[in-house]
Peer 1: 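What follows is a single structure, and I will ask about it in a moment.
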Amino acid sequence: MRTTFACLIIAGTIAGCQGGSGTQQPGTDTTKTTTDTMTKAAPVEMNNSLTEEEKKAGWQLLFDGNSKSNFHVFNKKSDGAAWQIADGTLHLDTTNKKDGKIAGGGDLVTNDEYDNFDLKLEWKISAGGNSGILFYVQEGPKFGETYHTGPEMQVLDNAAHPDAKIIKHRAGDLYDLITSTPETVKPAGEWNQVEIISNKGALEFHLNGTKVVSTTLWDDAWKKMIAASKFKQWPGFGTFKTGHIALQDHGNSVWYRNIRIKKL
């Protein structure tokens, strides 16, 4: 009887172990749990697109990942063959150069002009590269370059480009006018998120989610800053209250995407 009783205890213990959480019991269905988990997964954010909420808020795409129809080369009708669409990006291809300049290059400017605006985009730069995002750019025979009229947010590889050694010439700076702080730029080859807001003279630069520059346009302090900068040689610089957005060809490979704007 003792033997029989011990066997019954051992058999019961084994059955209990088999019924633990690590073993699926008859009738248990895990399909629903898996399906629910997949259903609740966050949607993948698409590049170069707008949500319905963004459209209702007044945002407009300047680049949809497939066309350069909203842009042309500064002071030309060309859309710039060197500005190529690659993997959903607007990429300045530096492969072909003639006399030190990129064949089919040049600064790319928007067809439309903007006064009060909120501009968002992303950029990444090649190792040792340089570019820029300019605004209030004027076209015409009186203006030889975009930077003769338009202030610029610097795009730069701070780790390798010589300009990084110059104060107010680093990535995120209001070029040659105001140093960005804190410094939030990512290394060459990584995407940086930009927001430039200009509204009734109030100017803000945001880089990777942080406000790095804040100033007032067109007042006496602004005029004094320009007078103490390299831009003093161009009388029209920083004086215009409407103009084109420009992406700079500085001779280095650069990529842009998710370019969108909202008129304020």
Side-chain angles (χ1 to χ4, degrees), residues 47-48 61-65 68 70-71 73-74 79-97 100-110 119-135 137 145-147 150-197 204-213 230 244-261:
N47 288 321
N48 308 308
L61 276 180
L62 292 179
F63 176 63
D64 64 2
K68 296 182 285 183
N70 289 318
F71 294 90
V73 173
F74 176 71
D79 67 352
W83 287 95
Q84 299 183 358
I85 297 172
D87 299 323
T89 73
L90 196 51
H91 170 222
L92 180 61
D93 184 355
T94 64
T95 304
N96 298 315
K97 290 189 177 183
K101 292 186 177 182
I102 299 172
D107 292 1
L108 208 60
V109 300
T110 55
L119 173 71
K120 293 182 179 180
L121 56 80
E122 294 178 59
W123 63 264
K124 68 177 179 178
I125 194 71
S126 56
N130 187 338
S131 183
I133 305 156
L134 298 90
F135 48 98
V137 170
E145 302 287 350
T146 56
Y147 58 80
E152 174 187 350
M153 183 188 206
Q154 175 76 307
V155 169
L156 197 77
D157 174 12
N158 280 356
H161 195 281
D163 241 22
K165 298 177 181 179
I166 304 172
I167 296 174
K168 303 175 188 175
H169 286 201
R170 293 172 68 82
D173 290 357
L174 176 56
Y175 183 79
D176 209 58
L177 296 172
I178 298 177
T179 301
S180 58
T181 183
E183 194 168 281
T184 59
V185 67
K186 296 180 181 180
E190 294 188 23
W191 286 106
N192 290 270
Q193 296 180 334
V194 163
E195 183 172 18
I196 299 175
I197 304 171
E204 293 182 2
F205 286 0
H206 297 252
L207 186 60
N208 295 319
T210 300
K211 182 163 67 174
V212 295
V213 169
K230 65 186 291 183
H244 303 274
I245 308 293
L247 306 176
Q248 189 180 54
D249 168 2
H250 206 282
N252 305 125
S253 288
V254 63
W255 294 258
Y256 291 97
R257 71 182 183 188
N258 292 325
I259 311 171
R260 60 195 68 192
I261 198 165

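Quick note: numbers below take in every heavy atom, side chains included, and nothing from hydrogens, waters or symmetry partners. Quantities reported herein were computed from a predicted structural model and do not represent experimental measurements.
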Peer 1: Can you name the one residue among Leu90, Asn258, Ile133 that meets side-chain contact (heavy atoms from CB on, under 4.5 Å) with Leu121?
Peer 2: Ile133
Peer 1: Looking at CD of Gln84 and CG of Leu92, how far apart are the two atoms once the value is rounded to the nearest 0.5 Å?
Peer 2: 9.0 Å
Peer 1: A side-chain contact here means heavy atoms from C-beta on lying under 4.5 Å apart; do Met153 and Val213 qualify?
Peer 2: no
Peer 1: Can you name the nearest heavy-atom pair linking Phe71 to Leu62, along with the distance?
Peer 2: CE1-O, 3.1 Å
Peer 1: Suppose we screen for salt bridge (charged side-chain N to carboxylate O under 4.0 Å, His left out). Which residues come up paired with Glu195, at least two apart in sequence or across chains?
Peer 2: none
Peer 1: Okay, side chain of Thr184, backbone of Leu207: is any donor-acceptor separation there less than 3.5 Å?
Peer 2: yes
Peer 1: Just by distance, with hydrogens left out, do Thr110 and Asn70 show a side-chain donor and acceptor under 3.5 Å apart?
Peer 2: no
Peer 1: Distance from Asn192 atom CG to Lys186 atom NZ, nearest 0.5 Å?
Peer 2: 6.5 Å
Peer 1: Taking C-beta and beyond as the side chain, do Tyr147 and Asp176 meet within less than 4.5 Å on heavy atoms?
Peer 2: no
Peer 1: Any side-chain heavy atom of Val73 within less than 4.5 Å of one from Leu108?
Peer 2: yes
Peer 1: Working note: His244 + Thr146, criterion side chain to side chain contact (heavy atoms under 4.5 Å, CB included); need CA distance, chi angles, decisive distance, verdict.
Peer 2: CA-CA 9 Å; His244 303 274; Thr146 56; over 6 Å; no
Peer 1: Measure the spacing between OG of Ser253 and NZ of Lys124 and express it to the nearest 0.5 Å.
Peer 2: 10.5 Å
Peer 1: Is a donor on one side and an acceptor on the other found under 3.5 Å between the side chain of Trp123 and the backbone of Gly132?
Peer 2: no
Peer 1: Say you draw a straight line from CD1 of Ile261 to CG of Leu61; how long is it, rounded to the nearest 0.5 Å?
Peer 2: 11.5 Å
Peer 1: Could I get the full list of salt bridge (charged side-chain N to carboxylate O under 4.0 Å, His left out) partners for Lys68, not counting sequence neighbours?
Peer 2: Asp79
Peer 1: Work out which heavy atom in Trp255 is nearest to a heavy atom in Ile125; give both atom names and the distance.
Peer 2: CZ3-C, 4.2 Å
Peer 1: Please report the C-alpha distance between Asn47 and Trp191 in whole Å, then the side-chain angles of each, then the deciding distance to 0.1 Å, and finally whether the side chain to side chain contact (heavy atoms under 4.5 Å, CB included) criterion is met.
Peer 2: CA-CA 12 Å; Asn47 288 321; Trp191 286 106; over 6 Å; no
Peer 1: Please check if atom NZ in Lys97 has more than 12 non-hydrogen atoms from other residues, nucleotides or ligands closer than 6.0 Å.
Peer 2: yes
Peer 1: Can you check whether Val254 reaches Leu247 side chain to side chain, under 4.5 Å on heavy atoms?
Peer 2: no
Peer 1: How far apart are the closest heavy atoms of Pro182 and Val212, and which atoms are they?
Peer 2: O-CG1, 3.2 Å
Peer 1: Are side-chain heavy atoms of Ser180 and Arg170 found at a separation under 4.5 Å?
Peer 2: no
Peer 1: Find out whether Tyr175 and Asp163 are in side-chain contact, i.e. whether some heavy atom of one side chain is under 4.5 Å from a heavy atom of the other.
Peer 2: yes
Peer 1: Supply the atom-to-atom distance Trp83 CH2 to His91 NE2, rounded to the nearest 0.5 angstrom.
Peer 2: 9.0 Å
Peer 1: Is it true that the side chains of Asn48 and Asp64 contain a donor and an acceptor less than 3.5 Å apart?
Peer 2: no
Peer 1: Looking only at non-hydrogen atoms, find the nearest pair between Asn252 and Ser126 and report the distance.
Peer 2: CB-OG, 4.1 Å
Peer 1: Does any N or O in the side chain of Asp173 come within less than 3.5 Å of the main-chain N or O of Thr179, such that one atom is a donor and the other an acceptor?
Peer 2: no
Peer 1: Supply the atom-to-atom distance Asp107 CG to Glu145 CD, rounded to the nearest 0.5 angstrom.
Peer 2: 7.0 Å
Peer 1: Are any of the side-chain heavy atoms of Gln248 and Leu134 separated by less than 4.5 Å?
Peer 2: yes
Peer 1: Return the set of residues passing salt bridge (charged side-chain N to carboxylate O under 4.0 Å, His left out) with Glu122 (not counting sequence neighbours), or none when no residue passes.
Peer 2: Arg257
Peer 1: Using every non-hydrogen atom in the two residues, find where Leu156 and Ala164 come nearest and quote the distance to one decimal.
Peer 2: CD2-N, 3.6 Å
Peer 1: Decide yes or no for Ile245 and Ile259: does some side-chain heavy atom of the first lie under 4.5 Å from some side-chain heavy atom of the second?
Peer 2: no
Peer 1: At their closest point, which heavy atom of Phe135 faces which heavy atom of Ile196, and how far apart are they?
Peer 2: CE2-CG2, 4.3 Å
